[in-house]
**Student:** 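Here it is, the structure, as C-alpha cells.
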Amino acid sequence: MNVTLAVKQYISKMIESSGPGMKVLLMDKETTSIVSVVYMQSEILQKEVYLFERIDSQNRENMKHLKAICFLRPTKENIEHLIQELHRPKYSVYFIFFSNVISKSEVKALAEADEQEVVAEVQEFYGDFIAVNPHLFSLNLLGCARGRSWEPAVLARTTQGLTSVLLALKKCPMIRYQLSSDMAKRLAESVKQIITKEYELFDFRKTEVPPLLLILDRSDDAITPLLSQWTYQAMVHELLGLNNNRIDLSRVPGISKDLREVVLSAESDEFYANNLYLNFGEIGTNIKNLMEDFQKKKPKGQQKLESIADMKAFVDNYPQFKKMSGTVSKHVTVVGELSRLVSERHLMEVSEVEQELACQNDHSSAHQNVRRLLQHPKVTELDAARLVMLYALRYERHSSNNLPGLMEDLSRKGVSERLRKMVQSVVEYGGKRVRGSDLVTPTDAVAITKQFFKGLKGVENVYTQHQPLLQETLDQLMKARLKDSQYPYLGPSTLRDRPQDIIVFLIGGATYEEALTVYNLNRTTPGVRVVLGGTTIHNTKR
C-alpha cells in the first residue's frame with residue numbers, strides 16, 4: 001500500500017507504452033501537480049520526454065517529430081480540448097491516458113474527432129490524487145462544505161479521487177464512516193455507488209481479510225490542525241507552506257536567487273527522506289554532522305559549528321561547497337529560516353501553552369498562560385488567535401470559562417476582526433455539540449509524560465505531549481474495539497477479524513501530525529498497512 005509507488009508506476013507505464021523516440025507530455029493543471037510530486041523533471045527527461053506542455057495552452061507549436069503522451073483528468077473541458085487537438089494534431093501520434101473512469105460517449109466523441117487517425121491508444125490509469133508521501137495522499141481541495149453539507153462539485157471530485165486511490169492500490173473495501181457526520185455518510189454512499197457501478201474494475205483477487213475504508217470528519221478533531229509542529233515536514237508546511245513539494249523562500253531576508261523556490265521531495269532528496277519525521281533539534285544536529293564531515297576534508301575550515309547561524313555563514317563562505325552540495329545549502333537555508341521564525345514568533349513558549357491547552361486539565365494555569373502570551377509583543381496575531389481558539393475548544397463548557405475576556409485581549413492586541421470571528425467559527429465547526437467522540441479526555445497533567453527533545457544549541461527543548469484523535473481511533477480499530485454505533489458499516493456485512501489494509505480519509509483535510517501517527521503505526525505494527533488521505537493537507541493558515 002504505497003500511493004507514491006502506484007502513481008510512479010502508472011507514469012512509467014505511460015511512457016514505456018509509447019515506445020522509443022522523442023516525446024511530449026501533455027497535461028492539465030491538476031495532472032501537472034500529480035506528476036511533479038512523484039517525479040523530478042530530470043528523471044522524466046531520462047525517459048526521452050523532452051517537452052512538458054499544458055493541454056489548455058494556446059500557443060503550442062506544431063512538432064510532428066514528437067509523440068504525445070496525454071495524461072488528463074476526464075473533465076468536460078479536457079475532452080473538449082482534446083477534440084480540438086485531434087481536429088488539428090500538432091504531434092505525430094497520441095497516447096491518451098485518463099486519470100479516472102471515462103464514459104463510453106466521451107470515448108466515442110474522441111474517436112469521431114480522430115479523423116487523421118493519430119490516436120494510438122486510450123486508457124484509464126487511476127492516478128487522480130496527489131501522492132504526498134508513500135502513506136499519505138491529498139486531493140488539494142479547499143472549502144469542501146457549505147455549512148455542514150457537501151458542495152456538489154466537491155463531493156463528485158472527492159468521490160473520484162477516493163475511488164481512484166482504491167483502484168490504484170487494487171482494493172475493493174468494506175466501508176465504515178463517522179455516524180455523527182452527514183458528510184461522511186454521503187461520501188461513503190457515493191464511493192459505494194461507484195464501486196457497484198464499476199464492479200468489473202473493482203474485481204480484485206479476494207484477500208482473507210477484506211480491506212477497510214474508514215471515512216472521518218475533520219470537525220471531530222479541530223484541535224490537531226491548530227497546534228505548532230516540530231517534525232521537519234510538518235514544520236516546513238506550518239511555517240513556510242509546502243505546495244506540491246515546493247517552498248517559496250522569496251521573502252527570506254538575503255536569500256540568493258537560486259534558492260527563492262526550492263523543492264523538497266523524499267523521492268529525490270535523501271537527507272529530506274531521512275529527516276521527514278525527525279524533530280527540529282535532531283535535524284539541526286544531522287545538518288551539523290553532514291557539514292562537519294565535509295569540513296574534515298578541508299583542513300582550513302577549523303571553525304566550530306555551534307548554531308544554525310554559524311552553519312549559514314559557513315555555507316555562504318564556501319561557494320565551491322554550495323556547488324558540490326546543493327542539497328545541504330538548501331536544507332541549511334530552510335532550517336535557518338525555520339529557526340529564525342521560531343525565535344521571531346516566540347514559538348517555543350507558544351507551543352508549550354498550546355500543549356498545555358490540548359493535553360492538560362488545569363483551567364486556571366492555562367487561562368493565565370494564554371493571557372500572558374497575548375500581551376507578549378513577539379506573539380503574532382495569528383498565533384494569538386490560535387491560542388484563543390484552542391482555549392475556546394478545550395474549555396468550552398468549563399464553569400470558569402473566560403472567552404469574552406480573552407476576546408477583549410485579542411482586540412487590545414490589534415488582532416484583525418477576521419481572525420477574531422474565526423474563534424467563534426472554530427467552536428461552531430468543531431465544538432462539543434458537533435463532535436461524535438470524546439476529543440478532550442479529562443486526564444490529569446501528571447498522567448501525561450513530557451518528552452524532551454535535546455538538540456542543537458539555539459534549539460531549546462520542545463514538548464510534544466499531544467496525540468491526535470486519529471491515533472486512538474486507529475488503535476481501537478486495530479483491536480476490533482471501534483464501536484459500530486459510532487462508526488457503522490455501510491451495508492449489512494461487518495468485519496470479524498482485525499483489518500490488515502486500512503485506508504483512512506479525512507473530510508476537511510488531514511495534517512502532517514496525523515501522517516506521522518500513521519507512519520509510526522505502519523512501522524511498529526506488523527501485518528497492518530495504513531494509508532491516510534484528506535481533501536487537503538492542513539496548516540494553520542489553510
Side-chain angles (χ1 to χ4, degrees), residues 3 28-31 33-34 72-79 98-103 105-106 124 126-132 136-169 171-199 201-202 212-222 225 425 428-430 434-436 470 487-491 503-511 514 531-538 542:
V3 288
D28 60 40
K29 187 183 177 183
E30 284 189 70
T31 55
S33 298
I34 290 165
L72 304 166
R73 294 206 64 248
T75 62
K76 280 181 183 171
E77 293 80 17
N78 285 341
I79 301 293
F98 288 103
S99 66
N100 217 312
V101 178
I102 181 171
S103 68
S105 61
E106 286 168 328
E124 295 168 351
Y126 309 104
D128 208 9
F129 53 91
I130 307 283
V132 182
L136 176 68
F137 68 91
S138 166
L139 302 181
N140 278 10
L141 295 170
L142 289 173
C144 47
R146 193 186 293 161
R148 298 218 167 264
S149 304
W150 280 101
E151 285 279 359
V154 182
L155 174 60
R157 174 67 187 99
T158 306
T159 305
Q160 286 174 324
L162 200 40
T163 49
S164 144
V165 170
L166 298 175
L167 289 167
L169 297 174
K171 304 292 174 196
C172 182
M174 297 180 81
I175 302 174
R176 294 182 77 171
Y177 62 92
Q178 185 181 309
L179 184 65
S180 62
S181 164
D182 185 54
M183 288 177 76
K185 187 179 182 185
R186 285 286 310 279
L187 180 59
E189 289 167 346
S190 185
V191 169
K192 184 69 179 167
Q193 214 174 340
I194 298 291
I195 292 174
T196 307
K197 184 183 170 192
E198 305 289 347
Y199 63 93
L201 291 178
F202 284 91
L212 183 75
L213 170 63
L214 176 63
I215 298 176
L216 305 173
D217 194 313
R218 177 78 271 161
S219 61
D220 224 30
D221 176 9
S425 301
E428 283 167 17
Y429 174 74
V434 176
R435 294 197 295 266
L470 180 67
Y487 301 93
Y489 285 87
L490 194 66
I503 295 122
V504 184
F505 189 78
L506 265 163
I507 298 165
T511 66
E514 287 154 337
V531 166
L532 172 67
T535 42
T536 188
I537 307 292
H538 277 291
R542 67 170 198 195

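Note: hydrogens, waters and symmetry copies are ignored here, and every other heavy atom, side chains too, is used. As the structure is a computational prediction, the values presented were derived from the model and not from experiment.
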**Student:** Report yes or no: does Arg148 contribute a side-chain atom to a donor-acceptor pair with the main-chain N or O of Tyr429 at less than 3.5 Å?
**Tutor:** yes
**Student:** Drop me the distance from Asp217's CG to Lys185's NZ, to the nearest 0.5 angstrom.
**Tutor:** 14.5 Å
**Student:** Is it the case that Ser425 and Glu428 place a side-chain donor and acceptor less than 3.5 Å from each other?
**Tutor:** no
**Student:** Where is the tightest heavy-atom contact between Cys172 and Ile195, given as atom of each residue plus distance?
**Tutor:** SG-CG2, 3.9 Å
**Student:** Applying salt bridge (Lys or Arg N to Asp or Glu O under 4.0 Å), name anything that partners Arg218, two or more places apart in sequence or on another chain.
**Tutor:** Asp221, Glu514
**Student:** Using 30° and 60° as the class limits, which term best fits the ring planes of Phe505 and Phe137: parallel, tilted or perpendicular?
**Tutor:** parallel
**Student:** Show your reasoning for whether side-chain contact (heavy atoms from CB on, under 4.5 Å) applies to Leu139 and Asp128.
**Tutor:** CA-CA 8 Å; Leu139 302 181; Asp128 208 9; over 6 Å; no
**Student:** Considering residues at least two apart in sequence or located in another chain, which fulfil the side chain to side chain contact (heavy atoms under 4.5 Å, CB included) criterion with Leu490?
**Tutor:** Ile175, Tyr177, Ala188, Glu189, Lys192
**Student:** I'd like to check Thr158 versus Ile507 (side-chain heavy atoms, cut-off strictly below 4.5 Å). Are they in contact?
**Tutor:** no
**Student:** With a 4.5 Å heavy-atom cut-off, do Trp150 and Thr159 have their side chains touching?
**Tutor:** no
**Student:** Measure the OG1-CD distance between Thr163 and Gln193 for me, rounded to the nearest 0.5 Å.
**Tutor:** 11.5 Å
**Student:** Just by distance, do the side chain of Thr535 and the backbone of Gly509 share a donor-acceptor pair under 3.5 Å?
**Tutor:** yes
**Student:** Please determine if Arg176 forms a cation-pi arrangement with Tyr487, meaning its NZ or CZ atom is less than 6.0 Å from the six-membered ring centre and no more than 45° off the ring axis.
**Tutor:** no
